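First up is the structure itself, then whatever we jot down about it.
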Amino acid sequence: MNRHYTSAEYKSLCDKLRKTFKDASITTDVMVGFHQESDEDFNDSLNFVKSIAFEKVHVFPYSNREGTAASKRGDDVPKRVKEERASIMIKTTEDIKNKYLESLVGKTVNVLFENEVEPNVYQGYTKSYFAVRIHSNKNIIGQELDVKIKTYNDDYCIAE
């Protein structure tokens with residue numbers, strides 16, 4: 001894919017970020033099924049994603065786009081294989097994300113509240129850009145508040 005860095009260099013940067021910024025949240029996009037991706041290539045990517053422990057990952061299967069440099073290589077990974085690999089990668093990254101969110105339960109985090117998602121329920125984001133919701137009888141839009149994470153679901157944390 002014509003990347004000008006190695007996975008080792010990428011991992012080193014991620015390690016530096018986490019060392020420098022407490023509770024850094026690192027996100028990425030992962031494409032599966034690129035031209036000539038073997039089972040070994042896919043497993044290397046899966047293990048790399050596990051080693052970084054990205055907090056959020058957008059996973060998508062490769063699709064040929066006319067006129068791109070990649071389109072000249074062809075699209076030789078069967079659609080079924082791409083879908084299986086995407087499913088495995090999504091499951092793995094969801095497990096990693098949930099482990100991270102679970103680690104936040106009981107912690108006090110700073111949240112900038114941005115909107116009211118339902119009556120008396122406000123949503124905002126942590127500095128590591130995880131959504132947090134809280135019940136409040138007063139409007140807290142635009143306020144930065146320290147809140148305690150009580151639980152989480154697939155889409156956001158719930159605080160008090």
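Atoms considered below: every heavy atom in the structure, side chains included; atoms not considered: hydrogens, waters and symmetry mates. The shown structure was predicted, so the numbers you read here are calculated from the model rather than taken from an experiment.
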Check whether any side-chain heavy atom of [X] lies under 4.5 Å from a side-chain heavy atom of [Y], and answer yes or no.
X: N110; Y: T126; answer: no
X: I88; Y: K91; answer: no
X: K11; Y: I52; answer: yes
X: I96; Y: V49; answer: yes
X: P78; Y: V81; answer: yes
X: C157; Y: L104; answer: yes
X: V77; Y: H35; answer: no
X: N98; Y: L101; answer: yes

Would you call [X] and [Y] a salt bridge, using N to O less than 4.0 angstrom?
X: K82; Y: E37; value: no
X: R18; Y: E55; value: yes
X: K97; Y: D154; value: no

Looking only at heavy atoms, what is the nearest atom pair of [X] and [Y], with distance?
X: G124; Y: V111; answer: C-CG1, 3.6 Å
X: Q143; Y: L145; answer: OE1-CD2, 3.7 Å
X: S25; Y: F130; answer: OG-CE1, 3.4 Å
X: I134; Y: E160; answer: CD1-C, 3.4 Å
X: V32; Y: A86; answer: CG2-N, 3.7 Å
X: F54; Y: T27; answer: CD2-C, 4.1 Å

[X] side, atom [atom1]; [Y] side, atom [atom2] - distance, nearest 0.5 Å:
X: N120; Y: H135; atom1: CG; atom2: NE2; result: 4.5 Å
X: R133; Y: I158; atom1: CZ; atom2: CD1; result: 8.5 Å
X: Q123; Y: E114; atom1: CD; atom2: CD; result: 8.0 Å

If Ile, Leu, Val, Met, Phe, Trp and Tyr residues are connected whenever their side-chain heavy atoms lie under 4.5 Å apart, and connections chain through other members, are [X] and [Y] in the same group?
X: V109; Y: I141; answer: yes
X: V132; Y: V105; answer: yes
X: I140; Y: I149; answer: yes
X: F48; Y: Y5; answer: yes
X: I90; Y: Y100; answer: no

I'd like to know if the side chain of [X] reaches the main chain of [Y], judged simply by a donor and an acceptor atom lying under 3.5 Å from each other, with no hydrogens or angles considered.
X: S87; Y: E84; result: no
X: N115; Y: V117; result: no
X: D15; Y: S12; result: no
X: E9; Y: T6; result: yes
X: T93; Y: M89; result: yes
X: D76; Y: Q36; result: yes

Next item on the list: Compute the ring centroids of F113 and Y122, then answer whether they are less than 6.0 Å apart.
Entry: no
Notebook entry, point to check: Would you say K127 has more than 12 foreign heavy atoms packed within less than 6.0 Å of its NZ?
Noted result: no
Item checked: CZ (F60) with more than 12 external heavy atoms under 6.0 Å -> yes
Notebook entry, point to check: Should D95 and T92 be marked as a side chain to side chain donor-acceptor pair (under 3.5 Å) after you check the CA-CA gap, both sets of side-chain angles, and the distance that decides it?
Noted result: CA-CA 5 Å; D95 290 347; T92 299; 5.7 Å; no
